[in-house]
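The structure under discussion appears below in the form of structure tokens.
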Amino acid sequence: MAKSRQHFSSQDSSLSPTSVRSREWEGPSRWTEYLGPETTSPMNLRSSRNSGPDGQVHSSGGSHKGLNMQWVVQLTEVAEGLMAKMYRLNQILDYPDPVGHVFSEAFWKAGVFPNHPRTCLLVSKKFPEHYSKLQLERIDKVSWDALQDNAELHLQSLEPWIQLLFDLMAFREQALRLILDLSSTVITLLIPRKMMLQMYNLLHSMSRDRDCDFYHRLVQFIDSYDPPLKGLKEDLNFVSPRIGEVLEAVGPIIFLSTDTRKLRNEGFLSPYHPRYPDILTNSAHPMRAQDLANVTSYREWVLFGYLVCPDELLRVTSIDIALVVLKENLVLTLFRDEYILLHEDYQLYVLPRILESKKMAKSGRTKQKEADLEYSVAKQVEKMISEVHEQALLSCDAIHRERRILLKQEIGRMALFFTDQPSLLAPNIQMVFSALAFAQCEVIWYFQHVGIASSKSKTTRMVPVDIDPSDPTIGFLLDGMDHLCCLVRKYIAAIRGYALSYLSSCAVRIRSLLNTPGMVALDLDSSLKGLFQQIVQHLENIPKPQGENVSAITCDLTEFRRDWLSILMIVTSSRSSINIRHLEKATVSTGKEGLLSEGNAAYNWSRCVDELETQLSEHASLKKLYFYHQHLTAVFRNTMFGPEGRPQHCCAWLGVASSFPECASPIVPEEVTKIGRDAVLYVESLIESIMGGLEGLINILDSEGGFGALENQLLPEQAAYYMNYASRVSNLSAKSPKGPSGFPFPGQESHPENNTSIKMLEAAVQRLTNLCSVLNDMEPICVLNHVFVLREYMRECILGNLRRRLLSALKTDNDLQRPSVLESLIRRHISIIHLAEQHISMDLTQGIREVLLSEAFSGPVSSLHLFEKPAEQHTGSATEAVCNWYIENIIKDISGAGILFAPIHKCFKSTRPVGGYFADSVTDLKELKAFVRIFGGYGVDRLDRMLKEHTAALLNCIDTSLRSNRDLLEAVAGSLHSGDRIERDASIKQILDIDTVIGFCVQAGLALAFDRLLAEASGAVLLEGAPLIHSLLTGIAKHIPEEIPERIEIRRLRGVANNFGVVYDHDSQWVRFILEEVGGANDGSWSFLPYLFATFMMSNIWNTTAFNVDTGGFNNNIHCLARCISAVIAGSEFVRLECEHQQRQSLSNGHAADNGDTEMQSRSSAEASIKSTMQLFVKFSAGIILDSWNETNRSHLVAQLIFLDQLCEISPYLPRSSLEPHVPYAILRSIYSQYYENSPSTPLALLSGSPRHSPAASLSHSSPGVRHPRGDSTPQYDSSYFKGSSSHSQEHETDSGSLRSTESRLRNVRRSGPLDYSSSRSKVKFVEGSTSGSTGPSPLPRFAVSRSGPISYK
């Protein structure tokens, strides 16, 4: 009959077995286990209350009635414990069906019953027959033998539950003695009691050769409650008329509670007077307000009362009372989430009794006319029971929805009113309690009926009740209840003060009523008169509140309430000579409130003094919702972020969990842990949903339809086309308001139909700010020993979402997101966080920095930080992803996109897209600056470190080639110096994998070029963000001591300057750092490095190499080979000299002179060594080039000559004059002239952007021997920017000898581009419309095959 919708695991441990102990059936010790040691027993109360000063016990009727009330309270607690034990047993046994004898597999595995289904089911079905009559040993001999072998073990398993049957039987007897409807709680006796008793007795007999104690009494007890309602009817039959009277008495309150219109129109739940709105205190219905607070209990009385006392439905007024309650309910909750289907049980147990009464009345109609009325009433009741089920299925949800809407409005107004007028809260506290009780009832009803399926009366088909899972009124009710409870707790001192004042004035009124002539004439007996005098004394002894010390007043009015209840029990007893009507008639004639009204009001107000929290818990506690917390979570998710959801409601939804642990019964210890864990999980689930909603709001604003829509801008050509189109449309109103590009015409933006998106955006912003404000102001949620601070969760959610958005924005559908776009996305998201931060009392900006730092930090900056990154620290994932992409796709070009470095444009280009973009879209200076701004110094250092690691591997390949080909390189060097061409060519041809080594060197050159661009971007960002630091670093870089070897501090400082591009020789210093880190260039084979590089001129790669005017480089990145050769030769020479210096120091035991002259000499010698090595490479390379061409094979010549010229341009240690002895400048001028004359795109920017065309600089640049001193204020050389040839005007060539004489004294670097070889800039000529043809060898004869630079020479 009883059902539960919550299924716990049946694997939980059962209650520990206890031996069956014979208990005293009477007296207080019977229920010690259920009451606990702190509860005072009624027997002790009896002896203490009735003992006089001399210790003698006095008896009185009033005292006896008071003791009965104490038994009511304590037996209620006993009933809670008994039902908790039965509830737990049902969980362990997996909710069996003892009526239909349906038991699951988990039932037999629970360990309570022996796992012998056949025997157990037989004794259960044959109940109450004794097992000895069933011949069990013949039916199932195997089970019988097994039971005998393990009888004692099975007995111990059943003992605690048999004890539960004893307790239930004892409770029933004591409850019946009190004539209370508490015995109705035995209706939950739906455990397999028959099987339990029979099997226990069987095992007891096997073990001890006799039936168990009280076996026959338990058989009689269980049989009398088969089915349970049958026993209840018999138990309560003799008090059925009194129950009917009580139910009739509460009828008017029930009618009022169901009349939504009357409640609204007459203001029963409104702080305003219904007819006089200017009167703030609503005192129109003070007594009704008190009664409405208990209407939930009244409804339960009606449902239970008429179910167990069906004869009372034959009263004339009972039909209407039962109808209004039955129409609103489908289930009757018994305990926790156990319930019975109400209408099915009414038709099963009540309707037959009504039909029987109808039959009797019909047969008596011929004998007596009085039976007509009884027959008519029975017929109406029959019709009501038959039809009300259908009505309830159709209308119960609508009735309660209308009631929830009323409560939503009234409680909302009430909360606003008492927040504004807190002084009026105390006089209206009873109305507040009524509103809370109403809301509590409606919320619990809603969740009790979610998922209920009820069978129609005329069919067996189950019909689910239509309960809307997204009803927003639940959130409003929970929030309103929470707000009212907070107000009551906030002003609890004021309420207690008002109640004390009321009780003091009430004492005067009650004393005056007791002295009225009517009361004197009643001639009260001594016991009743003594109780009235005690009432007055209690009230007069109440301390008077003075000033602001109300909170310090301690007052226990328990004795007052107990005495008043004793008076009520006496005057309502049929045996008393003075009844309640006598008191009313004797005192109401005064024109004021009667004695009973004053006493009842005093009783209610006394609870506001010392039981205010108890009342608040009674009327506003939602702990029962624990048993429906899965539905609670689902409804929250459906309503919280719906169109009618309110962010402030989440506080109430979370606060409900604080009361969940109160559901745990101390009788069942494991419930405390189970319910506490579920409460914590419920809060965590809701917080997860709330944070998911917060994250969703932020992401909505951060989408292209959110703030992204505000960033849409038209390109200039789009705007021009759009304006032209708009001007051509004569009548805009007659045309479509949308233009060809999808944008509204001017003036159309403000029309209502076009600003929907803006309204949605404003709504999202409003909801986000409201939610942040609510979560920020929310008090911590405490569940057992767990404290949930929503502010901290919100901070973690916002910052975690920022981290996820950053990582997701790194990649597009195709590949890496452009850094500039990524930067704009991050800035947009951060602006939304700053918007939310205005409503949060915590620093989110610091958190943003932490997130960005954690995603950028992949280890210490090598040149700045001395600490090491912990191995277990997993950070820098965003930086790793971006840096890996650049290394794999730009430097290594694993996708084969044809990556080319364009020196003129300072970026990398590709022949096809790399992912979603061409290479120049992600590698130009703008994009790299965005990368630096996003990831800062840590990101730059990580990318720099990965470039160094990749270049170190390439340099290792060069080292391997030098070592493996050392003998051949010695032969090549000898032949080059001796001029033996045949031997030279033969040795070079024997060198292995020259093309492979060239490819490695080109990759190294690409890495050098990329790092140079990265350093320039870092310097530009530093100049923008911290110009003083940039200026300081630039100034320091000019005065760094030139030491060999350098001290660690100097090396670190030079590394920092190199990373920000404020040094003149970035490439050589970068390679030097790499070689020092890996210990390279420390072998004698590196002395053959220029010879190895010179052999590259014999490679077949030159046959397909062509110069490209548009990029300033070659079609296969051979210009990066020049960068690599220059940097590797210079860096290896620095490292070689440092090694030699250290060897000299070690040989001299550290006593070598360490003066400044030696240091300067070492630096000068290093530069001289680099210069001589470079000149040696140029000499031998030019010789190989010029020796290898002929009339039939000269396609490689032009590219090689331009290559050597660009090498001189790149290297700060190699002047252009070094090339003149080997390659005449006339040849280079001719080559560049032909290239640029035939180029269709001759950019003037190439000329205007070069500093050589300024009047002050043109002279110094006109000779190849002129080099700028290193002390220039701003370095004008950029090693990644090729400007053409190194040709020179003839009139300045004669000055080169004198200028060369100054080179040894000036340690400087030449910074120049292609020179102006014409006598006047007015002679520059451009060929328009010609094709470039710069991507392959040209058929032009001899040197005219190459096309020269941007100047036409006349």
Side-chain angles (χ1 to χ4, degrees), residues 948 951-952 955-956 958-967 969-970 972-974 976-977 1040-1055 1058 1063-1094 1124-1180 1211-1214 1270 1303-1309:
K948 283 180 178 177
T951 307
L955 294 178
N956 184 59
I958 296 176
D959 180 74
T960 302
S961 181
L962 287 170
R963 292 173 186 269
S964 62
N965 298 298
R966 181 167 181 168
D967 296 339
L969 290 175
E970 286 183 2
V972 170
L976 285 172
H977 285 285
I1040 296 177
E1042 306 291 352
E1043 301 176 352
I1044 293 181
E1046 292 179 333
R1047 295 192 298 272
I1048 295 178
E1049 294 79 5
I1050 299 300
R1051 184 175 302 172
R1052 291 175 61 198
L1053 186 59
R1054 191 183 298 278
N1058 202 48
V1063 295
Y1064 69 93
D1065 54 348
H1066 169 272
D1067 294 352
S1068 60
Q1069 293 296 330
W1070 199 66
V1071 172
R1072 175 186 177 183
F1073 293 146
I1074 294 175
L1075 293 174
E1076 288 175 349
E1077 287 181 7
V1078 301
N1082 56 2
D1083 186 75
S1085 59
W1086 279 78
S1087 60
F1088 297 101
L1089 186 64
Y1091 304 103
L1092 176 65
F1093 287 154
C1124 173
I1125 291 173
S1126 171
V1128 172
I1129 290 177
S1132 62
E1133 285 298 318
F1134 277 119
V1135 173
R1136 183 182 63 81
L1137 290 175
E1138 286 183 359
C1139 293
E1140 292 178 357
H1141 187 277
Q1142 291 174 356
Q1143 291 175 359
R1144 287 196 302 269
Q1145 279 190 334
S1146 62
L1147 292 174
S1148 61
N1149 293 325
H1151 297 294
D1154 194 16
N1155 51 47
D1157 294 337
T1158 304
E1159 294 169 2
M1160 296 297 291
Q1161 186 178 0
S1162 298
R1163 180 74 182 185
S1164 300
S1165 63
E1167 292 186 356
S1169 177
I1170 294 170
K1171 181 177 179 181
S1172 64
T1173 304
M1174 296 289 294
Q1175 289 176 341
L1176 186 66
F1177 165 74
V1178 170
K1179 173 185 175 181
F1180 291 145
S1211 176
Y1213 305 102
L1214 188 65
R1270 236 171 44 81
E1303 288 178 358
S1304 60
R1305 293 181 286 104
L1306 295 176
R1307 289 178 288 106
N1308 48 30
V1309 61

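- Rounding to the nearest 0.5 Å places OH of Y1213 at 8.0 Å from OG of S1126.
- Annotation: side chain of L976 is not in contact with side chain of L1176 (no heavy-atom distance under 4.5 Å).
- Using a 3.5 Å distance cut-off with no hydrogens or angles, the side chains of S1132 and R1072 do not pair a donor with an acceptor.
- Ring geometry for F1088 against Y1091 counts as tilted: the plane angle lies between 30° and 60°, on a 0 to 90° scale.
- Although no hydrogens or angles enter the test, the distance criterion places no donor-acceptor pair under 3.5 Å between the side chain of N1058 and the main chain of R1054.
- Looking at heavy atoms from C-beta onward, I1050 lies in side-chain contact with R1047 at the 4.5 angstrom threshold.
- F1177 places none of its side-chain heavy atoms less than 4.5 Å from the side chain of L1214.
- Side-chain contact between L1089 and I1129 is present, with heavy atoms from C-beta onward closer than 4.5 Å.
- Inter-residue side-chain proximity for F1134 and I1170 is flagged as met; some heavy-atom pair is nearer than 4.5 Å.
- A salt bridge does not link E1049 with R1052: none of the charged nitrogens is closer than 4.0 Å to a carboxylate oxygen.
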Problem set entry | K1171 and E1167: CA distance, side-chain angles, deciding distance, salt bridge (charged side-chain N to carboxylate O under 4.0 Å, His left out) verdict | CA-CA 6 Å; K1171 181 177 179 181; E1167 292 186 356; over 6 Å; no

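- The closest side-chain heavy-atom distance from T1173 to F1093 is not below 4.5 Å.
- For the atom pair OG1 (T960) and CG (L955), the distance works out to 10.5 Å, reported to the nearest 0.5 Å.
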